[in-house]
Structure formats: structure tokens, C-alpha cells
Colleague: 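Supplied in C-alpha cells, the structure appears directly below.
Heads up: numbering here begins at 1 and tracks the sequence. For clarity, every value in this text was computed on a predicted model and none was experimentally measured.
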Amino acid sequence: MTNDPPELKELITRSQQELLSPYQFYALCREIRRKTNRQTLYFGEPRLQSIDIEEAIGIREFRLFLDDLSRYIRDLKSPDAKLTLYLSRKADCIQPKTHPERPIKIEVSLVGKGAIGKVARLRINDREDLALKVFFEPDFVWQHGPWAEIPIGIYLKSCKVTRNLAEFRFASQNWAVWEWIAPNAKPNDRTDGIAYEDFAQTEGLTPLNPLNYSNYNPYGIRLDPGGIQKNYFGRRAIDTYQSLLYYVRRLKKEGWSFLQLYLNWKTLNYSIERTIALLFPSFACYSYRIATSQGRTTPTPKKTLKKLKIENRSVNSESNDSKRIYQPPTRSPLTVRKTSVRVDRPHKRGRNLQDWRSKS
């Protein structure tokens, strides 16, 4: 269990019941930060299948580690960087060689970069994979970025829309952790969830953009939610205006080098296909069938869809978790080792991974 403020837990509960717009979600979070005097908010309790974070190093330390790791990834210049980290809590500051717990091994591999941010694969203890998404402009509010993806992820997860869409895990204002989708994962093997297309049709949500081929695995599972939102009149005009503001902001911050990501034949081809798809929607569906080896996911039966919606709206996983009795562990410094380099230093907010290597 975490020490998150009650106001934040109420917001998460509300986000499970209705899809909040990025502007609503940001305004509510800003009010929570003002009331609680917190600079950073965290959404969802970090849970891993391979290890108990609370027992191993503590939830607070793991969140701070991801804060620093996200800053490190954001500043990386190499497009395929890799590093291995070991996290553990020292039992006694006076005896640094005493480590009763086995360190958590985290292999970090940068796998993608887009207009919104970077994506890294986190492999935990050689057994569990997670997708860490680091945002370039986390303070900018629009239909993409953390203020859009976090409420989308919470809402879709509570409704079990996971058949052909990655599942949200936990997040901060600067990063988000999602389910890692393997290249050989197939929607028809994920029978516990609802297909997004069926859910979007009943809830009046925007369709996914099938022309973003890099956002799908070979069998058509969407890797991130994109700009999902409620469909309303004038949405495209507002989205276009907000997108222009975002790109101008990045252009002022990074200079003309920012455009190198877009000045290529792949982007030009996508722009042409996207324009045609907006004029002729059937073209997008055809392109999607060509791009995926299995075509569209088999629709969820209406009876199953209705049953899952009723069950999931009545279940509040966050509220159930908050009732669990929590005994805070004894606070102790965090030991971080990068490959063969070992650092025995307390984990502090604002310290990046390069600073940790300064003492061996």
C-alpha cells in the first residue's frame, strides 16, 4: 500500500468510472498538488509478477528510481542504448557488504522514439517485461502525453479493454509503465478482455489510427492508446490546433534538429496515407488488414461484452488494495549497481544514473 493522498485515490476511482479529458484530469491533479503541497503525483501501485516491490526495496524508492531513469532515457542520444541495473536495499549502513535480499536485476533497452516520447523495455530478473514510456513534454496538456494516456489507461483497464490493446500498469507525471506486448502475442489468445473496437462503438470513443504501423505488433495488438477520447463535434479542429502548438513548442526548445525525425520518406508516405484515410475511411481499414498478418481481432460476443462491462464497473481494484493493512518497512539507503560498477549511496530525487557512478 502507498501513502498517496486520499484525494488522489478518489480521482483514480472516478477515472475508473468515466473517461476524463486531458484538461479535466490535469485540472484535478493541479488542485490535488496545491492542496497536498506535492510536486509529483503517482498513479497506481507498482506491482510485478516476479517480485514484491514493497518487500524488496519499497514502493517509494522504486518510484524515485523510475523518475531518475526516465530523465536518463530522455537525455540519451543513442537510438538503441542498453544498460543493466541492480537495485537492492542495504540491511545495515555500517556493513555495506551485507545484502540479505537478492538484488533486482533490471535490463533497460531503448526500443523506440516518436514525437511524444521514448519507449524502453524493462526486463525484470530475466523473467518479466514491462514497457516504460518517457514523455518529452510532460507539462504540455493535449490529446497525447501523460495527462491523456493516464486517464485513458486507468479507464480501459477498469473496463478490461485488453484483448487487442496493451494494459496500463502504473505511472507518474513524466513516465508511464504499460504491459509489454511480445511480437508473437495474438489477440485471439487474450480471451479475458474486450476488443477496443467493440467497446469504442458502445461508449462513443474515437477509433484507433491503424496507419501507425509501429504502434502495433505483427498480429494487430495496439502497443499504446494513442489519442483515444470521446468523439465530439469539432474534435479534429481542436486536436490539429493543439498538435501544432506542441510541435512549435518542441521546435523552439530543440531547434531545427527536431525535424530530422520527420524529414524522411516514411513520414511522407504516412502523411499521404493519413490524408487519404481521413477522406476515405474505408482505406484505413484496408491498410490495417494488409499491415497485420491476422487482420482484425475477432469481435467480442455481445453477451460477453455486456457481462464484462457490468462486472468491471462494479469492481474497484484501487479501493480494494487500499484496505490492505500496511506495515511500513524500515527506511534504509538504496544500493544501485550498473553492470560491474557498484554504488552505495542513498537514493535522492534529482540524481541521475551518471551521478550514481561517481562513487565506487
Side-chain angles (χ1 to χ4, degrees), residues 2 4-36 38-47 59 62-64 66-67 69-71 73-74 114-120 122 130-162 165-181 196 199-200 203 205-206 208 215 222-230 239 242 246 312 316-319 321-322:
T2 64
D4 295 332
E7 295 87 352
L8 182 59
K9 295 179 181 179
E10 292 175 3
L11 175 59
I12 292 177
T13 301
R14 179 179 173 182
S15 300
Q16 291 175 330
Q17 298 170 351
E18 62 175 310
L19 179 58
L20 300 175
S21 72
Y23 313 101
Q24 288 177 303
F25 192 73
Y26 174 77
L28 293 171
C29 289
R30 183 176 57 186
E31 184 64 20
I32 293 174
R33 284 187 294 180
R34 185 188 65 80
K35 287 182 178 180
T36 60
R38 297 195 180 200
Q39 296 299 319
T40 305
L41 298 179
Y42 299 95
F43 309 90
E45 180 178 334
R47 289 186 175 183
I59 292 175
F62 189 68
R63 285 172 166 176
L64 293 178
L66 289 177
D67 285 340
L69 179 61
S70 65
R71 281 189 288 269
I73 291 175
R74 190 182 296 114
I116 314 302
K118 296 180 179 180
V119 177
L122 305 183
L130 296 172
L132 173 65
K133 189 170 186 178
V134 180
F135 300 101
F136 288 136
E137 297 289 342
D139 297 328
F140 188 75
V141 185
W142 62 320
Q143 67 269 19
H144 298 282
W147 306 110
E149 291 198 7
I150 292 173
I152 291 170
I154 295 174
Y155 179 65
L156 295 183
K157 181 178 181 178
S158 69
C159 298
K160 283 196 175 181
V161 186
T162 56
L165 186 67
E167 181 181 329
F168 171 81
R169 296 299 174 84
F170 48 91
S172 170
Q173 300 167 195
N174 305 310
W175 49 264
V177 174
W178 292 79
E179 172 193 9
W180 176 263
I181 301 297
Y196 174 76
F199 184 77
E203 297 294 321
L205 303 181
T206 55
L208 296 171
N215 285 348
R222 181 81 179 197
L223 307 181
D224 64 39
I228 293 174
Q229 54 185 311
K230 285 283 186 180
D239 289 353
Q242 292 290 341
Y246 174 81
N312 294 317
N316 188 335
S317 59
E318 294 292 336
S319 298
D321 295 339
S322 64

Colleague: Please report the interatomic distance CG(Asp224) to CZ(Arg222), rounded to the nearest 0.5 Å.
Modeller: 5.0 Å
Colleague: Looking only at heavy atoms, what is the nearest atom pair of Ile116 and His144, with distance?
Modeller: CD1-CB, 3.8 Å
Colleague: If you define the side chain from C-beta out and look only at heavy atoms, does anything of Tyr42 sit under 4.5 Å from Ile59?
Modeller: no
Colleague: Roughly how far apart are Leu156 CG and Leu19 CG, rounded to 0.5 Å?
Modeller: 7.0 Å
Colleague: So Gln39 and Arg33, do their side chains get closer than 4.5 Å, heavy atoms only?
Modeller: no
Colleague: May I ask you to test the Glu137-Trp142 pair for a side-chain heavy-atom distance under 4.5 Å?
Modeller: no
Colleague: In the structure I gave you, are the side-chain heavy atoms of Gln173 and Phe135 within less than 4.5 Å of one another anywhere?
Modeller: no
Colleague: Do Phe25 and Phe43 have ring centres separated by under 6.0 Å?
Modeller: yes
Colleague: Does a salt bridge link Arg14 with Glu18, judged by any charged N lying under 4.0 Å from a carboxylate O?
Modeller: yes
Colleague: Between Lys118 (side chain) and Ser70 (backbone), is there a donor-acceptor pair under 3.5 Å?
Modeller: no
Colleague: Return the minimal non-hydrogen interatomic distance between Ser172 and Ile150, and the atom names on each side.
Modeller: O-CD1, 3.3 Å
Colleague: Let me confirm one number: the CD1-CD distance from Ile12 to Gln17, rounded to the nearest 0.5 Å.
Modeller: 12.5 Å
Colleague: Looking at every non-hydrogen atom in both residues, tell me the closest pair between Lys133 and Val119 and how far apart they are.
Modeller: CG-CG2, 4.2 Å
Colleague: What distance do Leu130 atom CG and Phe170 atom CZ have between them, rounded to the nearest 0.5 Å?
Modeller: 6.0 Å
Colleague: Side chains of Leu69 and Leu122, heavy atoms from C-beta outward: is any pair under 4.5 Å?
Modeller: yes
Colleague: Nearest 0.5 Å please: distance from the CD1 atom of Ile181 over to the OG1 atom of Thr162.
Modeller: 9.0 Å
Colleague: List the atom of Ala148, the atom of Pro22, and the distance in Å for their closest heavy-atom pair.
Modeller: CB-CG, 3.6 Å
Colleague: If you round to the nearest 0.5 Å, how far is OG of Ser21 from CD of Gln229?
Modeller: 8.5 Å
Colleague: Is it the case that Trp175 and Asp67 place a side-chain donor and acceptor less than 3.5 Å from each other?
Modeller: yes
Colleague: Would you name the heavy atoms of Leu11 and Cys29 that are closest together and state the gap between them?
Modeller: CD2-SG, 3.6 Å
Colleague: Where do Val134 and Asn174 land on the side-chain contact (heavy atoms from CB on, under 4.5 Å) test, with the steps shown first?
Modeller: CA-CA 6 Å; Val134 180; Asn174 305 310; over 6 Å; no
Colleague: Between Gln143 (side chain) and Asp239 (backbone), is there a donor-acceptor pair under 3.5 Å?
Modeller: yes
Colleague: Is the shortest side-chain heavy-atom distance between Tyr196 and Pro225 below 4.5 Å?
Modeller: no
Colleague: For Ala115 versus Tyr246, what's the shortest heavy-atom pair and its separation?
Modeller: O-OH, 2.6 Å
